[in-house]
Structure formats: structure tokens, C-alpha cells
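Here the structure comes first, spelled out in C-alpha cells, and everything after it is commentary.
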Amino acid sequence: MLPAPPRAAARRALLAGSAGNLVEWYEFGVYGCFATVIAANFFTPQAGTGTGAGVQGGAEALVATYASFALAFFFRPVGALLFGRIGDRCGRRPTLVLVIGLMTLATTTIGLLPTRADIGAAAPWLLTFLRVLQGLSAGGEFGGAVSLMAEYAPPGRRGLYGAWQSFTVALGLLAGAATAAALATVLPAAALYAWGWRIPFLLALPLGAVALWLRTALEEPPAPTPAPAAVTDPAGATGVREQARAVVLGIGRIMGWSAAGYTLLVVLPSHLQSALGASFRDALLAATLVNLGFAASILPAGLLSDRIGRRPVMLGGALGVAVLAIPLLHLLQSPGASTQARIAAVLTAGALVGLLAGPGPAMLAEMFPRRVRCTGLGLSYALANAVFSGCAGLLITALTARTGNTAVPAHYAAAACALSVPALLTLRGNDHREPLR
């Protein structure tokens, strides 16, 4: 059991843990919003800088862009294992310092990369290499940050503290979408495709520097006090087989969160452009609104899960997406739908994902004992994201192009959430009240 830490130290840990998440997801938001621009500059054989080259770069270039996106996700489990072991053996602080430094370096370098028009086929390979570095750092970020927040959380507040991880994800995605929308508003299309897209990536440098400063001053979470014999884990309970089962169960519990989150929060802008013919600005507006709905529900969901448990809140989110995703997308696509109805649709979609993301970090932290917590929860999250998030853009774009069905994103999110329901039903009603092991 962990002793209750001083409130001031807990707040510092919350800030330091959240700062890195914001930088990480800011970059992912920027990459998702600029997917069509990146496709034109890095994955189109005759890369151009005009509007036509970007918006009509073709489905193949967009698929290649999302393939690079997916590859980064498949390196997340490697990062979770590598940095998770560092976090479990050497402490949370060195892990969090290392991952934010690597993420900041890779993201800033993307903003300096020459395009395919400058250096030919080497450009997409360099971009992909930097995405791999980002995947490694992101894999270690979640486990270290969530472990830190959960271990510093006051009694009865793990859900709220863990929800800050998801909330800063929303802030990062919002910052990325808002930055992209602002640039699309103030810059001509030709300038945006030629050099304007670099600005958001270069902004990661000052953001990352602040996060690094916060983390270098961080203290390790308080050491756990010895548990009474009655609640001490029996021999082998934290062995490889038991932890592997916990990782698989964790993946099942968050697969809907992973799939719906990326489909609705990151993939949506480029899907609206490529499949539905929306303008770049309208697509970014939709992305901003869906992330606003997401952000607004996260902290209340985490707080509610501290009162009534993780299971009812997360089940509500999963069932909500499973039932409503397809009707909401049809409403968004309907020519006769009013502006108010469309705004309500995207806000609702984001809020449903927030019901999953709010309690999710605390739920994962409660599944693993301290000595393997960074590795266990980080690996669960990384594998779920690699399979159900990293492939989302690639699968949705490819299937939409092949079938002509513009509702593919909704079907994907709804199916993943429906499949996560049985795993969420295994949550016990009093897990949120039990001390961390």
C-alpha cells in the first residue's frame, strides 16, 4: 500500500506527468490534421505545393501516410518494454525525462525535413524513421506518466488524477487541430503546402523544453509501505504468466477506447476531406469540435469513476459508441442536417470517447503491482493502440476507397467498442476503492 503523499508533491507530479502527454499528443494531432499535406509533400511521386497536389494527392499517397503513422504505433510496445523496465527498475523520473527528450527531438526534426521534391525517395524514409522514434518515446510515456499520477494520487482520487493523462491528450489534440486551423486560415493554400505545415512541428521544441524542465525537478513517488500478510500477493501472482494475462485483459478493456479515440479524434479530418469532399477548414473545425466534446467529458468521467466505479462509466462509453457511432456519422453526412445538429453530433461523439478515456488510466494502473506497473500498463496501452489505433487510418482509408462506403469509420469504432464490452464486464465494482499494490 502507498502512503498518502503531500498534496503539493502530488500536484507537481500531476503537472510534470501531464506536460509530456500534451507534447506527445499535440504532435499526433498535428500529423493527423496535416495528413493530406504530408501525403502531398512526402508520399506523392510528383510532390507539389499547390492546393491540387495536396487535396487531390490520391488515396495511395494518403494510405502511405497512414502506413507511416501505423508503423510508429507498432514501435510503441517496444518503447513500453524498454522504458517500462527502466521505470520499474530505476524509477519513474529518468523514464519520463528520457521519453520527453526523444519525442521533442523527433518532432522538431520533422519540421526541418526536406520534402520529396527536394531529395526524392529518401524523404518518406526519413519521415518514417522519425515516426519510429516518436513511437518508441510514446510507448514509454504512458506507462511512466500514469504510474506516477496513480502513485501520487490522494485516496479516492486515482480516477481523477489518471484522467489528467487523458485530459492532456485532449488538450494536445486540440492544440494541434487549432494550430492547423489557424494556419489554414491565415496562410494561402500554396504557402501552407510549401512551408506553413512545418510551423506546428517546430513549436514542439519550446513545449518540450518546458516539459523537460518540469520533469528534471520531479521527485520519485513515495515508496510503498509493507502490505499486511492478508493482502500480500501469493508467490507467483506477479509472475510472467499472470502478468501476461493481465496485459491481454487490459488490451480487451481499452480496445474500444483506442479504436474510437483515433477514429473520431485523429482520422476524422482527413476522412471528411478525402471521402466526403469537405474543405480543409471545415474538416479542421469538425476535428476541433469533436476534441472539445472529448475534453469536456474526461475529468467528470474520471471523478465519477472514483464515486461509482470504473465499470459503469466505461461501459456507458463503450455501449454509447457501439450504438450511436453510425447514426451520428449519417447525421454528419446528411445534406439536410442543420449546422446545430452537426455540431451536436461531433460533440456527442467526442464526449462518448471521454467516458472511456477518463477512468481508463486509473483502471490500468490498478491492474498491476508497483514493481511491474510501468511495463504492464504501458504494454497493454501500447499494444491496444498499435493494433486498434495505429491501423485505424490505414484501414479506414483503404476500405473506404475499395468499397465506396463512407460510413466505414463509424462501423470500425462501433465494432471495437462492442467487442470491448465483455472485457469491461470483468471489472469488479470495488476496484477503485482498493489500495494500489
Side-chain angles (χ1 to χ4, degrees), residues 23-24 26-79 82 98-139 176 179-180 183 187 189-205 208 266-267 269-270 273-274 280 386 389-395 397-398 401:
V23 175
E24 174 194 341
Y26 163 80
E27 188 282 333
F28 278 98
V30 166
Y31 194 90
C33 290
F34 280 106
T36 53
V37 180
I38 291 170
N41 278 292
F42 288 91
F43 295 99
T44 302
Q46 286 81 32
T49 59
T51 307
V55 177
Q56 300 179 18
E60 290 184 6
L62 192 57
V63 167
T65 304
Y66 278 125
S68 174
F69 195 75
L71 183 63
F73 273 94
F74 279 97
F75 275 86
R76 282 186 171 210
V78 180
L82 173 63
L98 283 171
V99 296
I100 192 59
L102 184 59
M103 172 62 75
T104 302
L105 175 64
T107 302
T108 304
T109 306
I110 288 178
L112 301 172
L113 275 184
T115 65
R116 187 159 187 160
D118 297 322
I119 61 171
W125 287 106
L126 288 172
L127 176 64
T128 300
F129 172 71
L130 292 172
R131 295 292 302 163
V132 166
L133 293 182
Q134 288 176 321
L136 289 172
S137 64
T179 303
L183 288 170
L187 291 178
L192 186 69
Y193 277 82
W195 55 266
W197 64 271
R198 298 181 182 275
I199 296 174
F201 292 99
L202 296 175
L203 288 176
L205 182 59
V266 178
V267 176
S270 57
Q273 294 174 75
S274 61
F280 188 52
S389 297
C391 294
L394 182 63
L395 287 174
T397 303

Can you list everything that forms a side chain to side chain contact (heavy atoms under 4.5 Å, CB included) with [X]? Sequence neighbours excluded, please.
X	value
T108	T104, L202, A204, L205
W125	none
L203	Y26, T179, I199
L113	F42, L126, L127, L130

For residues [X] and [Y], report the shortest heavy-atom separation together with the two atoms involved.
X	Y	value
P114	I119	CG-CD1, 3.5 Å
R116	P124	NH1-CG, 4.2 Å
A194	W197	O-NE1, 3.7 Å

Heavy atoms, side chains only, cut-off 4.5 Å: are [X] and [Y] in contact?
X	Y	value
R198	L183	no
T115	W195	no
L136	L82	no
M103	L133	no

(request) Using the test side-chain hydrogen bond (donor to acceptor under 3.5 Å, both in side chains), find all partners of E24 that sit at least two apart in sequence or belong to another chain. (result) R76

(request) Output every pair passing salt bridge (charged side-chain N to carboxylate O under 4.0 Å, His left out) with a member in residues 117-129, not counting sequence neighbours, ordered by first then second residue. (result) none

(request) Kindly compute the distance separating CG (L105) from OG (S137), expressed to the nearest 0.5 Å. (result) 9.5 Å

